[in-house]
Amino acid sequence: MDDLTREINACLQVLEAGGLILYPTDTVWGIGCDATNEEAVNKIYSLKKRPDTKALVCLVANDGMLERHVKKVPEIAYDIMDLATKPTTIVYDEPIGVASNLIAGDNTLAIRVASDKFCRYLINKFKKPIVSTSANIAGKPTPACFGKIDAVILKGVDYVVNLQRDNKNGSSSTIIKLGNDGTVKVIRE
């Protein structure tokens, strides 16, 4: 069994049991859990010491999964994803089929179609979206690489992925909010 398969299987066991994983994403190292499991989402809020009014990002494996979790994906979303030169998270109106404590007060959810091979494989096998939030305590800087992740976070998750630990990419995604009324707003470049 290769490393990738071994790591994915280990993550699947933890995700299915409602646990937390620490994993490399297409942006920074992320804390993840089953995006449809309210208890698992609560564990992330308490680990990050973050109020649950602060929305988290969800990763999906492909457009099909995106369409299953948003009432109506605006046409422009596909153009934005096709043209984006770096990972881009889009905030959609009216998410469906995810934990209610993931959804922001204005009934929106930030979702990114993962571009990273590991994330795509993992989410495809899990068959559900997974949460992706930066591996830091609320208010502290986002760690640019694995070595800068706080020990509290490392101890607080159920599994740490043993891949790409030397990667130094560490930049957050662009965030764009799309309203069903056709509005487009860049929240983070």
So, for L102 and Y45, which heavy atoms are closest and what is the spacing to 0.1 Å? CA-OH, 4.3 Å

Taking NZ, NE, NH1 and NH2 as the nitrogens, is one of them in K48 or D150 under 4.0 Å from a carboxylate oxygen of the other? no

Please name the pair of heavy atoms, one in G179 and one in D93, separated by the smallest distance, quoted to 0.1 Å. CA-OD2, 3.4 Å

Enter the distance from S132:OG to L56:CG here, rounded to the nearest 0.5 Å. 9.0 Å

Is the backbone of V131 close enough, under 3.5 Å, to the side chain of T133 for a donor and an acceptor to pair up by distance? no

Would D26 and R112 pass as an ion pair if we require N to O under 4.0 Å? yes

Can you confirm whether I111 sits close enough to V70 that some side-chain heavy atom of one is under 4.5 Å from a side-chain heavy atom of the other? yes

Going from CD1 on I21 to CZ on F126, what distance comes out if it is rounded to the nearest 0.5 angstrom? 8.5 Å

Would a distance-only check, ignoring hydrogens and angles, find a side-chain to backbone donor-acceptor pair under 3.5 Å from H69 to I96? yes

Count the heavy atoms of every other residue, nucleotide or ligand shown that sit under 6.0 Å from NZ of K148, and state whether that count exceeds 12. no

Are more than 12 heavy atoms from other residues, nucleotides or ligands located less than 6.0 Å from atom NZ of K140? no

Nearest heavy-atom pair of P129 and V60: which atoms, and what distance? CB-CG1, 3.9 Å

Quick check: are there more than 12 heavy atoms from other residues, nucleotides or ligands sitting under 6.0 Å from OH of Y121? no

Quick one: does any side-chain atom of N136 pair with a main-chain N or O of P143 as donor and acceptor, under 3.5 Å? no

Give the minimum heavy-atom separation between S115 and R120, together with the two atoms involved. O-NH1, 3.2 Å

Flag the pair L15 / Y159 as yes when at least one side-chain heavy-atom distance between them is below 4.5 Å, and no otherwise. no

Sidechain-backbone polar pair: T25 side chain, T27 backbone, donor-acceptor under 3.5 Å: yes

Donor-acceptor side-chain pairing of T174 and E189 below 3.5 angstrom: no

Hey, does L163 have a side-chain heavy atom less than 4.5 Å from the side chain of Y23? no

Note: N180 and P74 closest approach over all heavy atoms is OD1-CG, 4.3 Å

Quick check for you: to the nearest 0.5 Å, what is the distance between N107 atom CG and E94 atom CD? 6.0 Å

Kindly compute the distance separating CD (E75) from CD1 (I80), expressed to the nearest 0.5 Å. 11.5 Å

When you group the ILVMFWY residues by side-chain heavy-atom contacts below 4.5 Å and let the links chain together, are L12 and L4 in the same group? yes

Heavy-atom donor-acceptor pair, K43 side chain to G18 backbone, under 3.5 Å: yes

Without hydrogens or angle criteria, can the side chains of N162 and E7 be said to hold a donor-acceptor pair below 3.5 Å? no

Here the pair of heavy atoms bringing A61 nearest to N124 is CB-OD1, 3.6 Å

Is it true that D34 and K128 have a side-chain N and a carboxylate O under 4.0 angstrom from each other? yes

Is the count of non-hydrogen atoms from other residues, nucleotides or ligands lying under 6.0 Å from E16 atom CD greater than 12? yes

Assess whether atom NZ of K125 is packed by more than 12 heavy atoms of other residues, nucleotides or ligands within 6.0 Å. no

Side-chain donor-acceptor pair present, S173, T89, cut-off under 3.5 Å: yes

Quick one: does V91's side chain get under 4.5 Å of I176's, heavy atoms only? no

Looking at CD1 of I8 and CG of D3, how far apart are the two atoms once the value is rounded to the nearest 0.5 Å? 11.0 Å

Please determine whether the number of non-hydrogen atoms from other residues, nucleotides or ligands lying under 6.0 Å from atom CD of E39 exceeds 12. no

